[in-house]
Colleague: 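Below is one structure. I have some questions about it.
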Amino acid sequence: MINLKTGEIEPNQPLSELGGVPTPRIHSKLNDLPSKGQELIDFAAEIGMPMMEWQKFVSIHGHKIKPDGRWHHSEAGLLLSRQNGKSTFMMLRILCGMYVWGEGLQLSSAHRLTTSLETFRQIVTLIEGNDRLAAEVKKIRWQHGAEEMELTGGRRFVVKASNNASRGISKPETIHLDELREYKDEDAWSSMRYTMMAAKNPQVWIYSNAGDQHSIILNKLRERAIAASSGTADTIGWFEWSAEPDAPITLPSGEINWQAFAQANPSLGITIHPDNLRAVINDPPDIVRTEVLCQWVDTINSAIDAQKWGLCAIDPIPLDPEKPTWFGLDCSPDRKFAALVAAQKLSGERFYITLLHTWSNDYSLNDLAIANDLAPYARKYNLQTVAYSKRTAGAVASRLVPAGIPITDMDGALYAEACDRWLGAINSHRLQHGNQEELNQQTLSAAKLPFGDGAWIIGRRASRVAVTAAVASSLVSYFATQPETEIDIQVG
């Protein structure tokens with residue numbers, strides 16, 4: 001365990017003395033350049049918000065300056081678990097930029113506007129409670145999605161919604177991007193980053209906890225940072241408090257893995273009580289890993305455990321044309337992706353699924369083309385039915401009926417039961433698959449949504465990416481898990 005006073009790992013340390021690790025597990029190469037970070041530390045103390053040790057570390061090493069006075073790190077990333085003080089650091093950096101460093105324009109944005117607005121409100125509250133800071137305020141404008149604060153001399157801080165963050169903005173000196181793990185494409189990042197091209201001394205700060213495979217911008221920056229820490233010529237600044245990737249939530253003894261939690265929570269023992277961490281360890285593992293251990297996962301709130309899915313993988317098996325075969329067909333809600341999955345029973349209660357075909361179109365899928373592509377598969381195998389959702393694949397299914405291809409609508413309670421059977425078959429290793437890359441990725445990207453009183457379904461939209469192969473797999477699992485006789489369980 002971690003001793004709050006010494007930072008050393010000690011056995012049998014009382015919970016009351018647990019503390020977080022004050023230095024990041026992953027960080028950029030440190031250097032001997034001068035830093036303006038002490039000015040930020042002094043300013044924070046002056047306004048009654050003294051920094052914690054980890055915040056001082058980031059302040060000093062994130063604000064090194066080159067001989068020409070420009071920032072050594074024009075891009076800097078701060079990653080750690082929730083409720084450790086990221087937002088407080090950002091707020092202090094914004095205030096110092098305005099009041100001490102005289103930055104002409106700072107821009108803040110987050111994936112959720114409410115996050116940026118909360119930071120703005122806290123800054124306003126702090127300023128209003130400090131006569132010295134309040135004396136320099138020229139105006140505060142409350143306009144939803146475009147809040148703005150202006151100090152005397154034209155120093156400004158502006159909040160922008162992420163979907164139009166760069167609109168009307170010219171030459172910001174500092175940009176603060178919160179919740180970067182939620183950015184799933186290049187658009188918002190690029191539009192904001194390039195507004196700084198004419199700024200005299202620009203700096204971008206990103207703030208986040210761990211993401212998943214779909215956190216495109218965060219993952220790219222992290223890859224750069226890890227490479228830079230190994231010696232590549234990249235001046236990106238990176239300060240990441242995270243547990244080791246393979247660190248478990250609990251130890252074999254059942255005790256919490258306090259060492260891992262301390263690595264990801266530098267404020268442990270200061271603002272975060274160990275009991276509060278103990279209270280969340282029984283939440284879904286992927287959420288605990290991203291939110292509290294700052295560990296990357298395949299998908300946040302994933303329906304399927306990656307390890308259990310991996311244990312279901314076997315060498316690919318060719319489908320037997322004579323065996324009863326079930327197809328699952330699903331289209332994405334935006335009608336840009338579709339997948340066809342087949343299932344056949346194996347010996348005992350096991351069954352095998354395989355991804356037969358996928359479709360994609362940048363605009364909209366052609367339902368006639370999908371039906372025509374599906375027909376040869378229907379003729380090749382002993383097809384029992386094509387399971388589908390009327391909501392997403394109804395247009396395709398209606399074209400199969402005239403060709404004599406049997407179909408079954410799986411909406412509502414049937415879909416929920418299919419998802420539950422699919423999950424049960426994976427957890428018990430009754431489901432077998434051929435380790436297809438696309439099927440693996442979509443399965444591990446499938447997000448879990450509650451349905452009714454205790455049931456659940458794969459959330460197509462909640463999964464953030466197309467998971468048509470996963471949905472189709474769940475549909476065929478419903479039929480592949482049907483008992484062969486009416487008597488499934490015998491007693492006595």
Side-chain angles (χ1 to χ4, degrees), residues 24 27 36-37 39-45 47-63 71 73-101 103 105-127 130 133 147-149 151 155-162 165 172-183 188-189 192-193 196 202-211 217-218 221 236-241 265-267 270-272 294:
H27 61 75
K36 297 181 72 172
E39 296 176 9
L40 172 54
I41 295 170
D42 294 342
F43 172 78
I47 64 174
M49 298 184 66
M51 286 186 165
M52 291 176 277
E53 289 303 312
W54 74 263
Q55 292 172 323
K56 292 178 182 178
F57 182 96
V58 177
S59 180
I60 293 294
H61 295 289
H63 296 98
W71 299 118
H73 298 305
S74 60
E75 297 168 304
L78 175 56
L79 276 80
L80 64 161
S81 298
R82 289 198 183 275
Q83 304 302 314
N84 274 271
K86 287 192 301 290
S87 297
T88 300
F89 180 88
M90 178 171 65
M91 180 171 65
L92 292 171
R93 171 62 179 84
I94 291 168
L95 287 167
C96 185
M98 287 195 295
Y99 283 91
V100 179
W101 297 333
E103 294 178 340
L105 174 61
Q106 292 187 81
L107 171 66
S108 173
S109 185
H111 177 69
R112 296 179 181 84
L113 180 60
T114 53
T115 303
S116 294
L117 293 182
E118 182 59 28
T119 300
F120 188 83
R121 291 188 187 99
Q122 289 179 4
I123 290 176
V124 171
T125 299
L126 193 150
I127 289 175
N130 186 299
L133 301 183
E147 281 70 12
E148 180 178 343
M149 177 185 304
L151 306 185
R155 296 161 289 165
R156 292 192 299 150
F157 167 55
V158 178
V159 168
K160 284 284 189 177
S162 62
E173 294 189 45
T174 307
I175 289 178
H176 303 269
L177 298 177
D178 204 1
E179 298 180 334
L180 199 73
R181 76 174 191 182
E182 301 294 343
Y183 286 65
W189 165 259
M192 285 183 279
R193 187 70 182 89
M196 309 180 80
Q203 189 174 48
V204 177
W205 275 92
I206 68 98
Y207 310 85
S208 188
N209 54 336
I217 304 302
L218 179 62
L221 291 177
I236 186 171
W238 199 258
F239 310 97
E240 177 183 320
W241 278 263
N265 294 270
S267 301
I270 304 173
T271 62
I272 296 178
C294 203

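Given the structure is predicted, the values throughout are model-derived calculations rather than measurements.
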Colleague: To the nearest 0.5 Å, tell me how far Glu53 CD sits from Ser267 OG.
Modeller: 11.0 Å
Colleague: Do you know the tightest heavy-atom contact between Cys96 and Phe43?
Modeller: N-CE2, 3.8 Å
Colleague: Would you call Glu147 and Val124 a side-chain contact if the rule is heavy atoms closer than 4.5 Å?
Modeller: no
Colleague: Atom CD1 of Ile94 and atom CG of Leu126: how far apart are they, to the nearest 0.5 Å?
Modeller: 11.5 Å
Colleague: Only one of Ile270, Thr88, Val58, Asn84 passes side chain to side chain contact (heavy atoms under 4.5 Å, CB included) with Met52; say which it is.
Modeller: Ile270
Colleague: Before you tell me yes or no, could you show the steps for Arg93 and Glu103 under salt bridge (Lys or Arg N to Asp or Glu O under 4.0 Å), namely the whole-Å CA-CA distance, both residues' side-chain angles and the distance that decides it to 0.1 Å?
Modeller: CA-CA 11 Å; Arg93 171 62 179 84; Glu103 294 178 340; 3.1 Å; yes
Colleague: Kindly say whether the aromatic ring centers of His73 and Trp205 come within a distance under 6.0 Å.
Modeller: no
Colleague: Of the non-hydrogen atoms in Lys86 and Trp54, which two are nearest, and what is the gap between them?
Modeller: N-CH2, 4.2 Å
Colleague: Name all residues meeting the side chain to side chain donor-acceptor pair (under 3.5 Å) criterion together with Trp101; count only those two or more places apart in sequence or in a different chain, and write none if there are none.
Modeller: Glu39
Colleague: What's the verdict on side-chain contact (heavy atoms from CB on, under 4.5 Å) for Leu40 and Val100, showing C-alpha distance, side-chain angles and the deciding distance?
Modeller: CA-CA 8 Å; Leu40 172 54; Val100 179; over 6 Å; no
Colleague: Please enumerate all residues that pass side chain to side chain donor-acceptor pair (under 3.5 Å) together with Ser108, with sequence neighbours excluded.
Modeller: none
Colleague: Is the number of heavy atoms from other residues, nucleotides or ligands under 6.0 Å of Gln83 CD greater than 12?
Modeller: no
Colleague: To the nearest 0.5 Å, tell me how far Leu92 CG sits from Met49 CE.
Modeller: 5.0 Å
Colleague: Looking at every non-hydrogen atom in both residues, tell me the closest pair between Trp71 and Pro202 and how far apart they are.
Modeller: CD1-O, 3.7 Å
Colleague: Measuring from Asn209:CG to Leu218:CG, what's the distance to the nearest 0.5 Å?
Modeller: 9.0 Å
Colleague: Without hydrogens or angle criteria, can the side chains of Ser81 and Trp241 be said to hold a donor-acceptor pair below 3.5 Å?
Modeller: no
Colleague: For the side chain of Thr125 and the backbone of Arg121, is there at least one donor-acceptor N/O pair under 3.5 Å apart?
Modeller: yes
Colleague: Could you go step by step and tell me if Leu180 and Leu221 meet the side-chain contact (heavy atoms from CB on, under 4.5 Å) rule?
Modeller: CA-CA 10 Å; Leu180 199 73; Leu221 291 177; 3.7 Å; yes
Colleague: At their closest point, which heavy atom of Gly37 faces which heavy atom of Ser59, and how far apart are they?
Modeller: O-OG, 2.8 Å
Colleague: If we ignore hydrogens and angles and just use 3.5 Å, is the side chain of Arg155 paired with the main-chain N or O of Met98 as donor and acceptor?
Modeller: yes
Colleague: Would you say Lys56's side chain and Ile41's backbone share a donor-acceptor pair under 3.5 angstrom?
Modeller: no
Colleague: Considering all heavy atoms of both residues, which atom of Ser208 and which atom of Glu179 are nearest to each other, and what is their separation?
Modeller: OG-C, 4.4 Å
Colleague: Atom OG in Ser87, atom CD in Glu118: separation rounded to 0.5 Å?
Modeller: 8.5 Å
Colleague: Run the side-chain contact (heavy atoms from CB on, under 4.5 Å) check on Trp238 and Ile206 step by step: do they pass?
Modeller: CA-CA 10 Å; Trp238 199 258; Ile206 68 98; 4.1 Å; yes
Colleague: So how far is it from Lys160 NZ to Leu107 CG, rounded to the nearest 0.5 Å?
Modeller: 8.0 Å
Colleague: Locate the shortest heavy-atom distance separating Phe239 from His27; write the atom from each residue and the value.
Modeller: CD2-CB, 4.3 Å
Colleague: Are the side chain of Thr174 and the backbone of Gln106 linked by a donor-acceptor contact shorter than 3.5 Å?
Modeller: no
Colleague: Start with the C-alpha gap between Glu173 and Leu105, add the side-chain angles, then the distance that decides, and say whether side-chain contact (heavy atoms from CB on, under 4.5 Å) holds.
Modeller: CA-CA 6 Å; Glu173 294 189 45; Leu105 174 61; 5.7 Å; no
